[in-house]
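Keep in mind that this is a model prediction, so the values were computed, not measured. Residue numbering restarts at 1 for every chain, and letters A, B, ... go by the order of the sequence lines.
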Number of protein chains: 4
Amino acid sequence: MTNDRSAALGTQRRFAASQVRLPEHVLLEGTSGRILREALLLFAERGFYGTSIRDLGQACGIRSATLYSHFPAKENVLAELVRIGHEEHHRRLVEAASAGPADPGARLRRVVRAHVLVHAEFPMLAVVANNELHALSAELAGPALMLRADGRQLLIDILNEGIAAGAFEVPDAFLAVTAISGMGMRVANWYDPSLPYQPEEVADTYAEFALRMTGAGA
Amino acid sequence: MTNDRSAALGTQRRFAASQVRLPEHVLLEGTSGRILREALLLFAERGFYGTSIRDLGQACGIRSATLYSHFPAKENVLAELVRIGHEEHHRRLVEAASAGPADPGARLRRVVRAHVLVHAEFPMLAVVANNELHALSAELAGPALMLRADGRQLLIDILNEGIAAGAFEVPDAFLAVTAISGMGMRVANWYDPSLPYQPEEVADTYAEFALRMTGAGA
Amino acid sequence: MTNDRSAALGTQRRFAASQVRLPEHVLLEGTSGRILREALLLFAERGFYGTSIRDLGQACGIRSATLYSHFPAKENVLAELVRIGHEEHHRRLVEAASAGPADPGARLRRVVRAHVLVHAEFPMLAVVANNELHALSAELAGPALMLRADGRQLLIDILNEGIAAGAFEVPDAFLAVTAISGMGMRVANWYDPSLPYQPEEVADTYAEFALRMTGAGA
Amino acid sequence: MTNDRSAALGTQRRFAASQVRLPEHVLLEGTSGRILREALLLFAERGFYGTSIRDLGQACGIRSATLYSHFPAKENVLAELVRIGHEEHHRRLVEAASAGPADPGARLRRVVRAHVLVHAEFPMLAVVANNELHALSAELAGPALMLRADGRQLLIDILNEGIAAGAFEVPDAFLAVTAISGMGMRVANWYDPSLPYQPEEVADTYAEFALRMTGAGA
DNA sequence: GATGAATGAGGCTTCATTCAT
DNA sequence: GATGAATGAAGCCTCATTCAT
């Protein structure tokens with residue numbers, strides 16, 4: 001670890017990443033896509049309430065009124081980003097849980113890798129999805145909250161399975177889940193492609209940490 | 001782990017705690033104290049930009065204009081909360097690092113305990129300090145950022161020390177720091193006194209997790 | 001008179017009628033006709049300023065932009081309705097004044113009948129023509145104002161004629177005109193086909209009232 | 001009747017009066033009063049939707065934001081005017097119905113006089129109360145509608161009473177009420193202090209008209 | 001300390017209209 | 001004829017802040 005790194009971290013406010021990225025399957029063409037991309041950056045940097053629609057319009061090169069040709073309201077731009085973020089996260093978690101050997105250790109490793117990877121690959125999206133959810137109405141936040149609960153349950157099940165199978169030995173399963181989940185979520189706040197780590201390296205290392213926490217480390 | 005717990009977690013937006021708490025040494029008498037306490041709740045729930053001074057005044061039972069008899073501006077209310085949060089966090093970290101046996105494992109355990117404990121005891125304060133910092137001007141955010149960097153360095157030093165001494169064996173020291181730091185920070189988002197865990201239990205368990213991550217677990 | 005009737009009247013805002021009607025000779029085919037009919041309802045209910053072209057487009061099943069393929073501007077839709085309303089009113093008044101016995105009593109009866117009839121048969125049109133005229137530019141409002149003045153003069157002439165001939169005995173001719181004209185105009189606000197009165201009944205009765213007012217009642 | 005008069009009437013859009021008047025008991029001091037007075041003129045001239053809060057603020061010599069120190073919303077300014085108008089109208093009607101000789105003819109004369117008088121004395125208020133009610137939400141319009149229904153019932157009762165007592169002979173009581181009520185309401189649209197009629201003259205003459213309509217004329 | 005009134009700036013959103021497709 | 005996207009203006013309202021009382 002160099003001082004440069006800590007210096008870089010020291011000035012961050014909400015996150016370190018500087019590149020706007022969205023999952024590949026997300027349509028980014030046209031004005032709608034432009035709006036989503038610029039909103040991702042602005043909402044991540046300044047928060048939903050800290051971003052005015054004039055800010056957003058200016059970033060997109062349109063008048064703020066034009067925004068309403070593409071989204072019903074400002075809130076719906078956020079809702080779309082939150083949806084994309086949660087769906088991508090959930091999709092990867094589910095895929096990781098099911099694809100590959102079924103033993104708890106291998107599953108845990110795959111799921112933690114996926115969890116971390118999505119936070120390292122899409123840090124802004126994760127920051128927005130995790131930190132700006134409170135700005136959505138209950139109606140618009142609902143789907144995301146359901147996916148979130150589902151993903152958490154997936155991790156809980158693996159932990160319980162591993163404990164039941166004698167593969168894991170943890171002081172407390174619930175706390176293990178919060179710890180594993182939490183450390184992965186925070187990756188979005190500090191990871192930056194300019195750091196000398198590939199997302200996969202972080203994912204692998206965090207997976208190793210998770211296995212060590214469960215007493216099943218290599 | 002029961003489904004009840006995960007269900008309760010599933011509805012959270014920014015944090016689970018419901019009780020406003022500030023460190024004991026913080027003066028909370030008079031209108032100024034009332035303002036700080038209500039601001040803590042509102043900023044944690046809705047964010048700085050999502051809270052108007054009218055909201056704040058109403059919560060305090062005063063007109064918004066009265067606020068200016070106690071604070072120069074809205075931003076200074078946040079700055080004060082951010083200061084309190086970071087100072088408490090830093091004070092505890094430094095104290096934990098210095099008090100007690102000097103071997104890396106023991107120090108790491110004490111520091112992680114302190115880190116987690118402050119997030120479990122003052123979840124709202126931590127949420128505000130961690131998530132609303134971006135709403136402060138560089139000038140007002142500066143002191144907090146310095147304390148934050150200092151605390152992180154403290155953890156880095158312990159890790160490096162333990163590695164040098166052969167007490168710790170980690171894939172990567174930087175990633176270990178981010179993981180340990182991150183899982184502790186997220187405690188503020190899910191911990192709630194109504195959960196069947198005392199803050200100390202969480203702190204002890206997370207410290208155990210940290211030691212396991214460093215290969216020095218019990 | 002039952003309480004039911006007065007209760008029904010009690011909830012009215014601008015008018016009681018619920019059926020959109022326009023004079024038979026008005027072309028209502030095609031999209032232009034549809035626009036006129038829907039505008040009649042909306043302008044009557046909410047007023048010109050209270051109706052957006054989006055509202056109007058939606059009611060017609062078209063996009064608001066399509067409206068401009070049929071009318072130069074929103075104002076011209078109103079102008080057309082105002083024109084139709086005033087022309088129909090004027091045409092009927094003139095016809096009533098000229099067709100039939102020339103004695104003042106008979107003429108007054110016919111003219112009042114026509115005046116009331118048009119308000120009972122086309123209440124929405126009358127409400128729009130009478131209440132929304134102020135939303136038209138002077139240029140577009142001009143023709144309607146001329147027809148209106150002409151119609152009023154027609155009534156004035158009949159009154160003066162009857163007075164000169166000794167057929168009428170009124171305290172004040174001007175006030176008699178305002179009273180007769182006014183009570184007829186208000187018919188548009190309360191008449192509803194669901195009431196147990198045919199438009200002709202109302203017209204006959206009001207004509208009788210007018211004659212009584214002039215001292216020439218049956 | 002001169003041509004001048006009809007010419008003057010010919011250019012009117014919504015009403016002829018040019019002087020802003022409110023009942024004497026209405027507090028008109030301070031900014032709130034100023035707002036009410038200017039709103040009365042503007043709403044009468046251009047309608048509620050045709051008047052922007054910037055228009056209103058400018059007329060009052062304040063910024064539009066200041067309006068919100070005195071009224072919760074634009075709609076509440078209208079609601080207050082509507083309330084004042086309906087209460088004044090209702091108060092006078094009730095007073096006229098009860099004060100004086102109880103025979104139906106005398107009561108009818110007094111009530112019609114009151115009805116007309118209030119429309120001649122406060123033409124703008126009447127125009128706003130009668131024509132802009134549709135711009136109020138159901139909640140805010142409710143009280144006015146109740147007063148209106150109550151006033152109408154009062155007239156209905158007098159008519160029925162007179163008929164039962166043999167004092168009146170009308171073709172139809174309901175239509176007599178609509179005619180009497182309607183001709184009085186329209187006074188607000190044409191009466192102007194510059195006309196060579198005192199409000200009392202109009203009221204007396206219209207009362208005479210009403211009595212003639214009921215067959216009880218002098 | 002506390003407040004009501006005032007303000008300038010700006011919030012989000014809708015307005016009527018245009019135009020290339 | 002019809003439309004989706006765009007626009008400049010304007011809609012109502014709330015913002016944080018000031019200041020005389």
- Query: Taking for each residue the nucleotide of DNA chain F bearing the nearest heavy atom, is the 5' side occupied by D:S64 or by A:S64?
  - Reply: A:S64
- Message: Both distances below 3.5 Å, Watson-Crick or wobble geometry, any strand: find the nucleotide opposite E:dA20.
- Response: F:dT3
- Look at the side chain of D:S64 and the backbone N and O of D:I53, then say whether any donor-acceptor pair between them is shorter than 3.5 Å. no
- Query: For F:dC15, which nucleotide in any strand shown is its Watson-Crick or wobble partner with both distances under 3.5 Å?
  - Reply: E:dG8
- Shortest non-hydrogen contact from C:A59 to C:L42? CB-CD1, 4.0 Å
- Item | Nucleotide E:dA16, atom C1' - distance to OH of D:Y49 in whole Å | 17 Å
- Nearest-Å distance for atom pair OH/P, residues C:Y68 and F:dA5: 18 Å
- May I have the distance from D:Q58 (atom CD) to E:dT7 (atom P), rounded to whole angstrom? 13 Å
- Check for a donor-acceptor pair, side chain of C:K74 on one end and backbone N or O of C:T51 on the other, with a separation under 3.5 Å. yes
- Counting side-chain heavy atoms from C-beta on, which of F:dT18, E:dG1, E:dT18 comes nearest to B:S69? E:dG1
- Note on the structure: Ranking C:D55 and D:L67 by the position along DNA chain E of their nearest nucleotide, the one closer to 5' is D:L67
- Query: When you check the gap from the basic side-chain N to the acidic O, do D:R14 and C:E132 get nearer than 4.0 Å?
  - Reply: no
- Message: By nearest heavy atom, map B:I62 and A:F48 onto DNA chain E; which one lands nearer the 5' end?
- Response: B:I62
- Gap between atoms NZ and C1', on D:K74 and F:dT14 respectively (whole Å): 17 Å
- Task: Would you mind reading off the distance between C:F71 atom CZ and E:dT18 atom P, rounded to a whole angstrom?
- Result: 16 Å
- Task: To the nearest Å, give me how far apart CZ (D:R34) and C1' (E:dA5) are.
- Result: 16 Å
- Query: Heavy atoms under 4.0 Å, any strand shown: does D:S52 hit a base, just sugar-phosphate, or nothing?
  - Reply: sugar-phosphate
- Task: Mind calculating the distance between CD (D:E29) and P (E:dG4) to the nearest angstrom?
- Result: 20 Å
- Side-chain N or O of B:T66 closer than 4.0 Å to phosphate OP1/OP2 of E:dT3: yes
- Task: Counting heavy atoms from C-beta on, name the nucleotide in F:dA5, E:dA16, E:dT3 closest to the side chain of C:I53.
- Result: E:dA16
- Taking atom CZ of C:F43 and atom CG of C:L56, what is their separation to the nearest 0.5 Å? 6.0 Å
- Message: Less than 4.0 angstrom between a side-chain N/O of C:T31 and OP1 or OP2 of F:dG1, yes or no?
- Response: no
- Whole angstrom is fine here: how far is it from CG in C:L56 over to C1' in E:dC15? 14 Å
- Shortest side-chain distance from C:A65, nucleotide among E:dA16, E:dT13, E:dT18: E:dT18
- Item | Phosphate contact (F:dA10 OP1 or OP2) by D:R54 side-chain N/O below 4.0 Å | no
- Task: State whether A:R63 places a side-chain N or O below 4.0 Å from either non-bridging phosphate oxygen (OP1 or OP2) of F:dG8.
- Result: yes
- Query: Does the side chain of D:H70 get closer than 4.0 angstrom to OP1 or OP2 of E:dA6 through an N or O atom?
  - Reply: yes
- Query: Is the shortest heavy-atom distance from the side chain of D:V82 to the side chain of D:H86 under 4.5 Å?
  - Reply: yes
- Item | Residue whose closest nucleotide on DNA chain F lies nearer the 5' end, D:T51 versus B:E75 | D:T51
